[in-house]
Amino acid sequence: MSSYSTQQRKALLAYLSRHPDELLSARQIADALADEKISLSAVYRNLAQLEAEEKVRRSAKSGSHEAFYQYLDAKG
């Protein structure tokens with residue numbers, strides 16, 4: 001996949017870069033970006049791309065089946 005930059009991706013990266021030390025679920029991110037008109041599926045799609053590019057790390061909290069994402073680019 002190409003890493004072309006969309007408005008959704010820019011908004012997602014901007015949000016993640018403001019919360020580099022937090023583990024965030026896709027739902028939390030989508031809720032926070034509701035004003036940007038980004039759907040939950042778009043959040044998942046962009047997170048998958050960012051994970052492949054090693055800009056976010058996906059993990060799970062113990063006792064939860066939900067995936068959480070942490071921004072890595074800021075540490076770079």
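When a residue number appears, it is its place in the shown sequence, counting from 1. Quantities reported herein were computed from a predicted structural model and do not represent experimental measurements.
A single hydrophobic cluster is seen to contain both Leu40 and Leu13, as judged by linkage of ILVMFWY side chains at heavy-atom distances under 4.5 Å, directly or through other members. Residues Tyr44 and Val56 fall within the same hydrophobic cluster, defined by Ile, Leu, Val, Met, Phe, Trp and Tyr side chains chained together at heavy-atom separations under 4.5 Å.
Of the possible donor and acceptor atoms, one in the side chain of Gln70 sits under 3.5 Å from a partner among the backbone N and O of Pro20.
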Verdict with reasoning, Tyr71 to Leu24, per side-chain contact (heavy atoms from CB on, under 4.5 Å): CA-CA 9 Å; Tyr71 187 60; Leu24 301 163; over 6 Å; no
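Annotation for His19 and Tyr15: closest pair ND1-O, 2.9 Å, computed over non-hydrogen atoms.
Within a 6.0 Å sphere centred on CD of Glu54, heavy atoms belonging to other residues, nucleotides or ligands number 12 at most.
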Which pairs would a plain distance check flag for residues 26-39, meaning a side-chain donor or acceptor within less than 3.5 Å of a matching protein atom at least two apart in sequence or in another chain?
unit_1, atom_1, unit_2, atom_2, d
Gln28, OE1, Ser25, N, 2.7
Gln28, OE1, Ser25, OG, 3.4
Ser39, OG, Ser41, OG, 3.1
Ser39, OG, Ala42, N, 3.1

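Atom CD in Glu53 sits 9.5 Å away from atom CG in Asn46 (nearest 0.5 Å).
Between Lys55 and the choices Leu50, Leu16, Leu47, the side chain to side chain contact (heavy atoms under 4.5 Å, CB included) rule is met once, by Leu50.
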